[in-house]
Trainee: 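Here it is: the structure, laid out below.
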Amino acid sequence: AGENAATDIAGKDGGTLTIDFATYNPLSLVIKEKGWLEATLASKGVTVTWVQSAGSNKANQALLAGAIDVGSTAGSAALLARSNGSPIKTISIYSQPEWAALVAAKGSAITSVADLKGKSVAATKGTDPYFFLVQALEAAGLSTDDVTVQNLQHADGRAALENGSVDAWAGLDPIMATAEQEGATLFYRNLDFNTYGFLNATESFLKDKPELAQSVVDVYEKARIWAAENPEETAQILATAAGLKPEVASTVILKRSNLNVSGIPGEKQRAVLAKIGPTFVELGDVKTQAEVDTALSSLLDDSLAVKANPASIKES
Amino acid sequence: MAVHSGAAASTATNASPKAGSAIFARSWTRLGLGLILPVLILLAWQLSTAAWVFSPVQLPSPRAVLDAGTELIGRNELFNHVAISTQRVLIGFLIGAVLGLSLGALVGLSKAADVLLGPTIGALRAVPSLAWVPLLILWMKIGEDSKVTLIVIGAFFPVFTTVSLALRHVDKNLVEAARAFGLKGLKLLTTVQLPAVVPAIFSGLRLALAQAWLFLVAAELIASSMGLGFLLTDSQNNGRTDRLLLAIVLLAILGKATDALLGLAEKWAVRRWS
Amino acid sequence: MAVHSGAAASTATNASPKAGSAIFARSWTRLGLGLILPVLILLAWQLSTAAWVFSPVQLPSPRAVLDAGTELIGRNELFNHVAISTQRVLIGFLIGAVLGLSLGALVGLSKAADVLLGPTIGALRAVPSLAWVPLLILWMKIGEDSKVTLIVIGAFFPVFTTVSLALRHVDKNLVEAARAFGLKGLKLLTTVQLPAVVPAIFSGLRLALAQAWLFLVAAELIASSMGLGFLLTDSQNNGRTDRLLLAIVLLAILGKATDALLGLAEKWAVRRWS
Amino acid sequence: MPALLSPSVATASALPDPQGTAAMAVSFQNLGRSFGTGHGAHTVLREVSFDVQAGEIVALLGPSGCGKSTLLRAVAGLDTPSTGAVTINGTAVSGIDSRCAVAFQEPRLLPWKSIAGNVAIGVPAGANAARTREVVERLVGLVGLSEFAGHRPREVSGGMAQRASLARALARNPGVLLLDEPFGALDALTRITMQDLLLDVHQAEPTTVLLVTHDVDEALQLADHIILLGPDGTGAPGATIVRTVEVPGPRPRDRASTALAGLRSSLLASLGVNGH
Amino acid sequence: MPALLSPSVATASALPDPQGTAAMAVSFQNLGRSFGTGHGAHTVLREVSFDVQAGEIVALLGPSGCGKSTLLRAVAGLDTPSTGAVTINGTAVSGIDSRCAVAFQEPRLLPWKSIAGNVAIGVPAGANAARTREVVERLVGLVGLSEFAGHRPREVSGGMAQRASLARALARNPGVLLLDEPFGALDALTRITMQDLLLDVHQAEPTTVLLVTHDVDEALQLADHIILLGPDGTGAPGATIVRTVEVPGPRPRDRASTALAGLRSSLLASLGVNGH
Ligand SMILES: Nc1ncnc2c1ncn2[C@@H]1O[C@H](COP(=O)(O)OP(=O)(O)OP(=O)(O)O)[C@@H](O)[C@H]1O
Ligand SMILES: Nc1ncnc2c1ncn2[C@@H]1O[C@H](COP(=O)(O)OP(=O)(O)OP(=O)(O)O)[C@@H](O)[C@H]1O
Ligand SMILES: [Mg+2]
Ligand SMILES: [Mg+2]
């Protein structure tokens, strides 16, 4: 026996919905925990399969292969994937998180972005913290050439920060929240430099099963409302799912996530993405700016989110 | 020269000629001695955390790791992680070993198969586990199949390589003798060639088992939410160093335990075929 | 019985008794035949993309992969990726092989060393490459050292396992004969035991080299911005499937090429010691 | 001492039953064999031609290294001659020939099989399990190893291993039996017992036997013809047939007969040993 | 035929130079050896006691599987007796004994070394390269393998390998020389040449020699004493000494002497062979 066995509720064959959950998407955890999707879709004979995404890149991989219908990523990751040809569209926004910031070790002399000149900074290329770093440097009149970027996975970046291998770290929650608890300082924060949490669906799914897609958007709407009303319980769900200490989970949910953001993908998101788009080309991750532009103009699809109806969702 | 008059009854009796190394033979002693080094490592670990050489997030104390384990047991999760991973590794290992043995025998004995398949297999051998992940997702989607397949790939190569190389060096005199008595093909393989490479087969199997555990981590990057490999990656992503170390220690223990079972099988096989 | 009258001069001459398999011996023919399968794979790949079985982002065509390569060459990056990775793998492989050979010999020949070290080494063997990353960063910082160390770890185990297991099965008659003539210790090892396990050493070395390439990917997760492992991970994260496949193909080619070199050394060694 | 044979073991009643292949004629046609190429080449056998009638026992004598084993290997198809050919019953040997059974100069037993298991390898494929067991049991008994049937080769003495190898070849009941010094490692009594066994087997089932030996007496006791290999004195490289001898009288022969004593001296003289 | 020995090869002028260890006395004290335990146990040797004086040549005769090789192995320290002990020059043998050199029943040459390289293993450690080369070259020549010095063991015949193994043992120039059927695979002429070589070596450097053989004539030619092993007729399991014979006359002995002929018959009778 393996895992990922589909929870076939009704037994009738109304098709399947394969959707991801991720610790960086608290709403997905709430929906899975509450069983709303299953309850709602059971009557239609739809089988729901939950698949965990370990990160935006994994979610994108699964979307590209058609292994999942709906997956959650950071906004930057969604743009990058679409720029490189992945047939995805963003159908909802699940949070405006402040998951990235610049972190210095306990007792470090670094207190501002300007102090970073000539220093080494750990970051994971192609992820939100890296784009955060690029924007922060730009805002302080510096560029990536003024610092040494050490490309490390998020967890390894913190380890490198703590043993002095690097001077600063472009951190990501929840590791960053843990580090903060241990005494590290977030010396530069900026909510606007974070891209949003994007809920993406494959084009074929949107085309073939528009009603199912609508249900997904509806359930996210319901979860958003519920989470805003029950922040403590949401933190608890996150803590359990991600194995986080309750304090850390609370920090992430209460202090650094705006779950009460509008679910309709729109101008705000487009503005942030427009800023980081050129970085893709600079890094060589996307071939031309034209591809980025095309992707940005076609990525966001608000048609479902505008008619989101949380009331259509059944409690289990 | 003089023959001793009247050979007396035996006096000096040394019944066990190899008494010197007998101390290492008793299995409990063996186990105890084998634990010395792990215990020393544990001690060094405990001391280095107690002396704050490393901070608790860098390197949590053994105690903290144990607590993380108890917590997961309390949540009824640890057993599932262990069970699903063990299942994946064992199934993958079995399939991979059988494939490795068959193809290894083919390539080791048939010049034609070697020339045709050798280069391709040699090239595939260097494809990293992580690189297989996107390809497997593409071809097999994200179910249990793709995870087990990745482990099969990992287990295949050590068996294939050791068996195919060893078969080329089987004592030519014995093979010739057997062929002179009309043995050929499968019969020759099972009567002479495979028994002659039993030690090599087992070193291949032990490496394959180890590699199966290594590939497990990559396999559990394929959309899983259970298993020790998942626990490892997930804890790393979430900064839970204590759970990370727990996963490492469990993988090491399970790796060693399954290896020890294979070691028993090896002992039996070597006694049987040498 | 009758002896033929007057033995005539030789007539029927078959100078090369094994003419049948000679076709596989000529190295160009060998190479050509070895390329059949890769070419078929390439063809299947080309056809499956041309027939839109997979979309170009899912599986880019061989052409697109080639283009990605040309682009990277144009940016003057590809050569660096290849060079630094090859350097890391070779250094790590060399150190790991030497360590594996030494410790393998120790554990294979000394019962005491086996009992004391065996279990610990067996346990460490199952620790996945990815799990070493945080530990190495903790102990060795993020320089070149930690990357090479990880590759050393990868290369160590196959050599260690095959050599230590093979040494236990060296022909007892030969060892006894040599010991009867006063050979012992290092002299016995180099005169009898190592030559007797040359085939096993080479299967260990070939697996070690393959594993060195596998561990490269994990090693290049440690603060690198160059190398094929980096290219692989980076492309995977960015969804650049063309570059991802380029990295895989390059790793396979390099893996096979270095393996072929080792194969040449093996041929020489086997001729020398068998 | 269970390993010792009582001289009564090899009685005709215990012989293999006569179900084997019919004896076959062997013919050597201008056989030659060289090893190595170019500078390092050396010729071992040269222009060896003779015919062995079906059912004959032929002994091969010759100095160490002259190519006796090489000759046997050519008959079995284990070695390809450089020139000339060997034919069995008129068809040329090419590749391993299933019409032959070989007892090699060294025992070549599979270390992981018991003595009985090794002898069983000699039983022709196609025999059912019961029959195989029966043949093996009888032959292991005939060579005096019943008590050691379950032992592994490394647990028996050199002479015992050699007898096991002989039993394996006999189990085949072949058209041509090739024996390369089959009694070399045996003491005087066991040797005589084994020689008698061979003769009994041959009488019950007159197969063709090619026997390499260093013991002139043995050749005189067992063979219909003796072939002496060696350099022919012309200075040409390699050994060839320097003498052939037809041994008079039916078997078993009187070991003390004067006719044989004369032949013995003459053969030893041909081998270079004088005055003993 | 380069492999063939001309009888003149083993002249005294070409002998190893006398630099070896002095000959040593060997004493067997109530030696016994059983294999296996419990039910499967069987006794091979029982209550073997005798003394060999330094410089003596002692031949061991006995039926196949009676424990001759086992006895030699006990002297070399390769096997540990179940009861009793072997002493060399008064000190007990325990573990491999560097005072001995062995020529095993099988050649046991290292397949990856040339004939010369294998013989070199016999040269005692500590000899410098030039001296090693000199010793090896001389001994390889003495056993008639000069032309094959560079060949690998698998490229030489059975008898040639046996001679290489003999040369390796001789190269050691040991206190006790243990030879397990060293001439078993040799033709009559080569055998005599090698026997003469052994005697020449022994004369130049009178080491103690324990020689296992199946050839009664050989024992009579070479040995000061002959020891016959076998079951003693009491029904007790295992072989022991059933007879010891002092061979009269100085070496080389006349192979046709009547005294030896009488001894020969008597020894053969003891071995169970009558009337030949
Ligand atoms: N390792 C072993 N295990 C069990 N039995 C053994 C072992 N080694 C030897 N034997 C037994 O010891 C006996 C004597 O063997 P040994 O080799 O000494 O005989 P031998 O007198 O040299 O015979 P041969 O003349 O045939 O060489 C045999 O019966 C053999 O089965
Ligand atoms: N593979 C080989 N390569 C080179 N030379 C070889 C090879 N096999 C055999 N020879 C040579 O062939 C010659 C004859 O060998 P063969 O084994 O036939 O001799 P033999 O007559 O059986 O001798 P013996 O009585 O010593 O067994 C030897 O000189 C040997 O060196
Ligand atoms: Mg021969
Ligand atoms: Mg013996």
Side-chain angles (χ1 to χ4, degrees), chain B residues 21 24 30 33-38 41 54 58-59 111-112 115-120 122-131 134 138 157-158 161-162 165-166 168-169 199-200 202-203 206-207 210 213-214 216-217 229 232-233 236 241 244 247-248 251-256 259-260 270 274, chain C residues 21 24 30 33-38 41 54 58-59 111-112 115-120 122-131 134 138 157-158 161-162 165-166 168-169 199-200 202-203 206-207 210 213-214 216-217 229 232-233 236 241 244 247-248 251-256 259-260 270 274:
Chain B
S21 66
F24 295 121
R30 258 192 95 107
L33 289 171
L35 282 176
I36 291 180
L37 201 57
I41 294 175
F54 299 114
Q58 287 183 320
L59 192 68
K111 192 95 190 155
V115 166
L116 289 174
L117 302 178
T120 307
L124 289 180
R125 188 167 49 192
V127 173
S129 53
L130 291 175
L138 193 58
F157 288 107
T161 306
T162 49
L165 290 181
R168 289 191 204 149
H169 302 289
F202 272 92
S203 78
R206 292 176 91 155
L207 281 170
W213 284 105
L214 300 191
L216 175 73
V217 177
L232 186 98
T233 325
Q236 208 164 354
T241 326
L244 176 77
I248 295 178
L251 282 170
I253 291 175
L254 282 171
K256 178 60 209 168
D259 182 66
V270 163
S274 74
Chain C
S21 64
F24 295 121
R30 260 192 94 106
L33 290 170
L35 283 176
I36 291 179
L37 201 57
I41 293 175
F54 298 113
Q58 287 182 321
L59 191 68
K111 192 95 191 157
V115 166
L116 289 174
L117 303 178
T120 308
L124 290 181
R125 189 166 47 190
V127 173
S129 53
L130 291 175
L138 193 59
F157 288 108
T161 306
T162 48
L165 290 180
R168 287 188 206 155
H169 303 288
F202 271 91
S203 78
R206 292 176 92 154
L207 282 170
W213 285 104
L214 300 191
L216 174 73
V217 177
L232 185 98
T233 325
Q236 205 164 356
T241 326
L244 175 75
I248 295 178
L251 282 170
I253 291 176
L254 283 171
K256 179 57 208 168
D259 182 66
V270 163
S274 74

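Naming convention: chains lettered A, B, ... in sequence-line order (proteins, then strands); numbering from 1 in each chain.
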Trainee: Search all heavy atoms of L214(C) against all heavy atoms of R125(B) and return the closest pair with its distance.
Mentor: CD2-O, 3.7 Å
Trainee: Which heavy-atom pair separates R206(C) from T161(B) by the least distance, and what is that distance?
Mentor: CB-CG2, 4.5 Å
Trainee: Please flag which part of I253(C) lies under 4.5 Å from any non-hydrogen atom of chain B: side chain, backbone, both or neither.
Mentor: neither
Trainee: Quick one: does P199(C)'s side chain get under 4.5 Å of R168(B)'s, heavy atoms only?
Mentor: no
Trainee: Using non-hydrogen atoms only, which part of A200(C) is less than 4.5 Å away from chain B: side chain, backbone, both, or neither?
Mentor: neither
Trainee: Identify which of L251(B), V217(B), L117(B), T120(B) forms the greatest number of heavy-atom pairs closer than 4.5 Å to chain C.
Mentor: T120(B)
Trainee: For the interface with chain B, which of L130(C), L124(C), I41(C), L165(C) has the highest count of heavy-atom pairs at distances below 4.5 Å?
Mentor: L165(C)
Trainee: Which one of A123(C), G255(C), G118(C), A166(C) has the most heavy-atom pairs closer than 4.5 Å to chain B?
Mentor: A123(C)
Trainee: Are the side chains of L37(C) and P119(B) in contact, using a 4.5 Å heavy-atom criterion?
Mentor: no
Trainee: Looking at V127(C), I36(C), L216(C), which makes the most heavy-atom pairs under 4.5 Å with chain B?
Mentor: V127(C)
Trainee: So, for T162(C) and S203(B), which heavy atoms are closest and what is the spacing to 0.1 Å?
Mentor: CG2-OG, 3.6 Å
Trainee: Go through A210(B), P38(B), P128(B) and name the one with the most non-hydrogen pairs under 4.5 angstrom from chain C.
Mentor: P128(B)
Trainee: With a 4.5 angstrom heavy-atom cut-off, which part of L35(C) approaches chain B: side chain, backbone, both or neither?
Mentor: neither
